[in-house]
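Reminder, nothing fancy here: chain letters follow the sequence lines and each chain counts from 1. Please read these numbers as outputs of a predicted model, since none were measured by experiment.
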Amino acid sequence: MAKKELLKVEGLKQYFPIKGGFLGRTVNHVKALDGVSFTIYEGETVSIVGESGCGKSTTGRAILRLEEPTEGTVEFQGTDLTKISKKEMRKFRKDLQIIFQDPYASINPRQTVASVLNEAMHIQNVLPPNQRRARIEELLETVGLRPYQADRYPHEFSGGQRQRIGIARALSVDPKLIICDEAVSALDVSIQAQVLNLLEELQEEYGLTYLFISHDLGVVRHISDRIIVMYLGKIVEIADKTSLFENPQHPYTKALLSAIPVPDPDAKKERIILKGDVPSPIDPPNGCRFHTRCPFATDKCRTEEPQLRTSDLMKEGHQAACHYMEDITNGKMQPNY
Amino acid sequence: MTQQLENILEVNNLQTVFATEGGEVRAVDGVSFVVPKGKTIGIVGESGSGKSITSLSILRLLAKNGKVNDGEILFKGKDLLKLTDKQMRDIRGNQISMIFQEPMTSLNPVYTVGQQISETLIIHKKISKQEAMKQSVDMLKLVGIPSPEKRVKQYPHELSGGMRQRVMIAMALACDPEILIADEPTTALDVTIQAQILELIRDLQNRLDMSVIMITHDLGVVAETCDYVAVMYAGQVVEYSDVRTLFKNPKHPYTLGLLNSLPRHDVDQEKLIPIKGMVPSPHDMPVGCRFAPRCPVATQACHTKPPMLESIGNNEQIRCWMYSEEWDGDSEVTLYGEKRTVKG
């Protein structure tokens with residue numbers, strides 16, 4: 001199967017200035033993203049997972065230029081989105097849509113559903129105005145709502161239904177890539193399953209590509225083809241779904257997977273409990289950023305930054321950034337708690 | 001189970017109502033469960049199922065417009081609902097403590113951590129300030145906070161989320177409570193920090209021999225921490241059993257639906273089977289079984305007659321017509337892709 005590149009992110013950096021001191025000068029930076037590169041192919045679902053502050057949402061926002069990235073390139077079908085003007089970028093927003101976490105905050109409460117969807121189509125000039133009403137009703141049916149609900153206001157809907165409106169809005173402009181930023185995290189499990197199934201059906205029907213940003217590894221395992229694990233502004237591991245869950249290589253990925261409670265009281269598991277908290281992204285640790293919490297860390301980890309690479313124990317396309325991943329997997333290195 | 005466990009807390013037919021603009025709302029309607037000594041019982045349910053209101057009712061911490069209408073809450077045989085406010089204050093924070101989801105909003109930002117832990121100690125143990133501060137340091141050490149002598153003088157904003165939750169736990173445990181109510185204690189935390197906190201609660205429970213009521217929406221947390229589980233839906237307990245039975249042989253259609261909706265990180269699943277529809281509004285509860293409008297096997301009777309929470313075996317209770325003699329549906333039903341034979 002020939003895979004076609006849809007989005008290629010290279011060396012993406014996002015430094016947010018911290019103002020302070022005399023005359024509000026920039027005194028420091030929050031290094032939210034520090035050199036992130038990955039590729040998304042057409043029709044696949046790539047997920048970015050990680051804990052708070054790892055930079056997963058920032059990545060999504062930087063791709064869409066909701067915040068201008070500090071450095072790096074974002075190539076969408078061959079065009080570098082970071083180099084074009086704001087006006088040109090607006091045209092690309094038709095192809096790149098985003099669904100946010102909080103369906104209560106991301107839809108204007110004073111607009112009816114029809115006017116929310118109409119606005120999106122109007123800005124992108126998707127359909128002649130006289131055909132839009134029919135399209136709006138069709139979209140609502142597509143996402144599992146009723147056509148007569150088009151003239152209702154957001155407060156008349158539940159959280160799950162609002163998320164469906166968010167999906168309908170994204171779909172209204174026929175996008176190629178949808179970034180789902182914690183799109184199902186605020187929903188109860190029974191509703192979450194409904195929305196996840198809907199996203200999968202829409203992908204099949206419209207050939208959509210998803211960049212799925214989530215902290216929930218259950219959701220990620222369910223929906224993804226490939227997974228990117230981030231820690232403190234860097235990618236620590238990237239792999240297809242099976243490799244990541246069955247053969248994780250980076251100690252952080254292993255700890256993350258082992259930390260999730262399993263809904264099975266008989267499950268026997270070895271839990272790797274990480275000590276301490278994630279360090280501040282203002283002054284990230286030297287060397288490997290994970291070394292302050294890693295049970296395997298050596299002096300080399302404290303000084304030399306590991307690069308993403310594929311070891312003999314990994315499948316093609318599976319990469320992790322750890323100096324000692326072979327020795328850890330082989331059991332030659334013992335954790336030091 | 002053959003050994004007789006002493007029940008430290010017994011909730012019988014609890015009914016909590018709230019006066020709202022749209023009329024009276026029964027947030028909790030007929031909740032019963034027991035908490036055996038030294039064990040953990042989980043109360044699991046989705047938003048609006050009444051799990052938090054149940055715990056607030058136990059501690060009599062309801063908002064002004066809420067009140068317990070009916071039922072009893074027996075703590076070591078004494079009905080907490082019949083106590084005076086003063087008697088209740090002696091129990092709250094002393095014999096029954098609670099930790100909340102959001103440690104930042106439950107800690108007072110203008111007092112140091114040490115002052116807040118000391119307050120509980122001074123009130124309940126009637127000890128001096130100095131002695132209380134010394135014990136606060138010990139408590140911080142107990143909950144695994146590094147350099148407690150320094151931390152005790154810090155303010156909540158100087159601590160990370162995980163640390164704050166540890167402080168909350170230290171405060172809750174300062175007076176050696178017999179029951180700890182943990183209301184979504186790890187929901188606001190990242191998974192690696194969640195693992196630390198759950199480990200800590202388990203470890204302290206063993207050391208201090210207390211009972212824990214774990215309120216959560218996360219079935220993973222239930223499976224890992226609880227001995228018994230009460231599943232709540234729309235203000236009622238729909239299933240109560242030991243944790244193994246609940247996960248290996250769930251009986252209520254809602255419990256089954258919940259387990260089938262859950263995306264798992266440890267196994268591959270073909271497709272999730274969601275529960276259709278959504279939770280009924282508390283202003284407009286179905287007259288029959290509250291789950292009937294969403295239930296794949298509901299019969300005419302389910303829509304008209306509310307089922308009771310019935311014992312169906314050792315330490316197992318269920319609120320569903322399917323397991324009663326009066327079941328008028330098929331004797332074999334398919335629930336979320338799974339065939340099962342029921343009474344008929």
Side-chain angles (χ1 to χ4, degrees), chain A residues 49-54 144 157-161 184 186-198 200-201 214-223 231 241-242 244-246 252 255-267 269 271-280 293, chain B residues 45-49 144 146 159-163 186 188-196 198-199 216-227 229 242-248 254 257-279 281 294:
Chain A
V49 297
E51 298 179 282
S52 329
C54 72
F157 295 90
S158 68
Q161 287 177 322
V184 296
L187 308 175
D188 275 321
V189 271
S190 69
I191 306 299
Q192 174 178 287
Q194 295 173 357
V195 174
L196 282 174
N197 283 350
L198 172 67
E200 284 183 315
E201 286 156 23
S214 178
H215 70 282
D216 185 330
L217 281 131
V219 169
V220 163
R221 178 169 193 155
H222 184 75
I223 200 146
Y231 185 76
K241 170 168 74 181
T242 317
L244 192 97
F245 282 96
E246 305 300 335
Y252 177 65
L256 197 60
L257 289 175
S258 85
I260 312 164
V262 183
D264 177 358
D266 289 344
K269 55 191 284 183
R271 174 152 291 163
I272 309 165
I273 300 242
L274 291 178
K275 39 187 182 184
D277 291 304
V278 181
S280 159
R293 301 174 80 195
Chain B
E46 298 181 286
S47 326
S49 61
L159 308 174
S160 68
M163 284 288 179
T186 57
L189 305 174
D190 277 318
V191 272
T192 60
I193 309 298
Q194 165 170 289
Q196 294 173 356
L198 291 179
E199 180 82 12
T216 180
H217 69 282
D218 186 331
L219 288 159
V221 170
V222 170
E224 291 208 354
T225 58
C226 300
D227 300 297
V229 192
D242 66 273
V243 71
R244 235 186 139 264
T245 309
L246 189 91
F247 282 92
K248 297 294 163 185
Y254 175 65
L258 213 52
L259 287 166
N260 272 300
S261 305
L262 190 67
R264 302 269 299 253
H265 77 279
D266 56 329
V267 284
D268 277 324
Q269 291 151 297
E270 260 307 297
K271 199 157 172 67
L272 301 174
I273 312 171
I275 304 173
K276 61 176 189 192
M278 52 192 178
V279 180
S281 151
R294 304 177 75 188

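Of the two parts of V243(B), the backbone and the side chain both hold a non-hydrogen atom closer than 4.5 Å to a non-hydrogen atom of chain A. For N260(B), no part sits under 4.5 Å from any heavy atom of chain A, backbone or side chain. Proximity to chain B involves both the backbone and the side chain of L274(A), based on heavy atoms less than 4.5 angstrom apart. Residue V279(B): no heavy atom, backbone or side chain, is found under 4.5 Å from chain A. Both the backbone and the side chain of S52(A) come within less than 4.5 Å of a heavy atom of chain B. For chain B, the nearby parts of L217(A) are the backbone and the side chain; heavy atoms of each come within less than 4.5 Å.
Per-residue heavy-atom pair counts under 4.5 Å with chain B were compared for A259(A), P261(A), A267(A), A255(A), and the maximum is reached by P261(A). Considering only heavy-atom pairs separated by less than 4.5 Å from chain B, the leading option among G276(A), G50(A), G160(A) is G276(A). The candidate from K271(B), Q269(B), R294(B), E199(B) with the greatest count of non-hydrogen atom pairs under 4.5 Å with chain A is K271(B). Comparing L196(A), V219(A), I260(A) by heavy-atom pairs within less than 4.5 Å of chain B, the highest count is held by I260(A).
To the nearest 0.5 Å, atom CG of residue L272(B) and atom CD of residue Q192(A) are 8.0 Å apart. The structure places CG of D227(B) at 9.0 Å from CG of D242(B), a figure rounded to the nearest 0.5 Å. The distance from atom CG of L246(B) to atom CG of L219(B), rounded to the nearest 0.5 Å, is 8.0 Å. Remark: D264(A) CG to R244(B) CZ distance equals 8.5 Å, nearest 0.5 Å.
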